Amino acid sequence: MIKSAAIVKIKTLAPWKEVRLQKRKLKKAQAAERKATKQIRPSPIGKRIPIETPEVIEETSVEETSVEDTPPTREEMLQQAELMGMKVDKRWSDATLLKHIEESAWATQNDNL
């Protein structure tokens with residue numbers, strides 16, 4: 001039997017490739033070292049520091065709130081618009097309806113002067 005001889009070739013790299021390979025190995029070693037000695041610090045962004053504020057409790061009873069302070073309900077506004085003879089679009093929001101009622105009420109007040 002004839003055994004074939006293994007031919008071992010040592011591949012030589014170009015000098016610039018050798019330097020590049022060494023730098024890569026060095027960077028990997030440095031990254032591994034940084035990772036091993038890394039200190040975990042909590043993020044200051046996520047911290048919530050409670051702020052001490054004096055507690056102010058305002059007690060309002062039912063007797064103190066008057067009916068005039070509360071905004072009118074939609075039904076009341078619809079009735080008022082009907083009495084004024086306005087054509088109301090059902091798609092109007094409460095704010096729009098109130099604005100149209102106030103405009104027409106202001107116009108009627110100025111007509112009387």
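Hydrogens, waters and symmetry mates play no part in the numbers below; they use all other heavy atoms, side chains included. Numbers for residues simply follow the sequence, beginning at 1. For clarity, every value in this text was computed on a predicted model and none was experimentally measured.
Between T73 and M77, the closest side-chain pair of non-hydrogen atoms is not below 4.5 Å. In this structure the side chain of K25 reaches within 4.5 angstrom of the side chain of L21, judged on heavy atoms. In this structure, the side chains of M86 and S104 come closer than 4.5 Å at one or more pairs of heavy atoms.
For the atom pair CG (L78) and NZ (K90), the distance works out to 5.5 Å, reported to the nearest 0.5 Å. Rounding to the nearest 0.5 angstrom, the gap separating the CD atom in E102 from the CD atom in Q80 is 9.0 Å. Taking CG of L97 as the start and CD1 of I101 as the end, the distance is 4.0 Å to the nearest 0.5 Å. The NZ atom of K23 lies 12.0 Å from the CD atom of Q30; values are rounded to the nearest 0.5 Å.
Within 6.0 Å of the CD atom in E33, the count of heavy atoms belonging to other residues, nucleotides or ligands does not exceed 12. For R74, the CZ atom counts as densely surrounded, since its 6.0 Å shell holds more than 12 non-hydrogen atoms of other residues, nucleotides or ligands. Within a 6.0 Å sphere centred on CD of E103, other residues, nucleotides and ligands contribute more than 12 heavy atoms.
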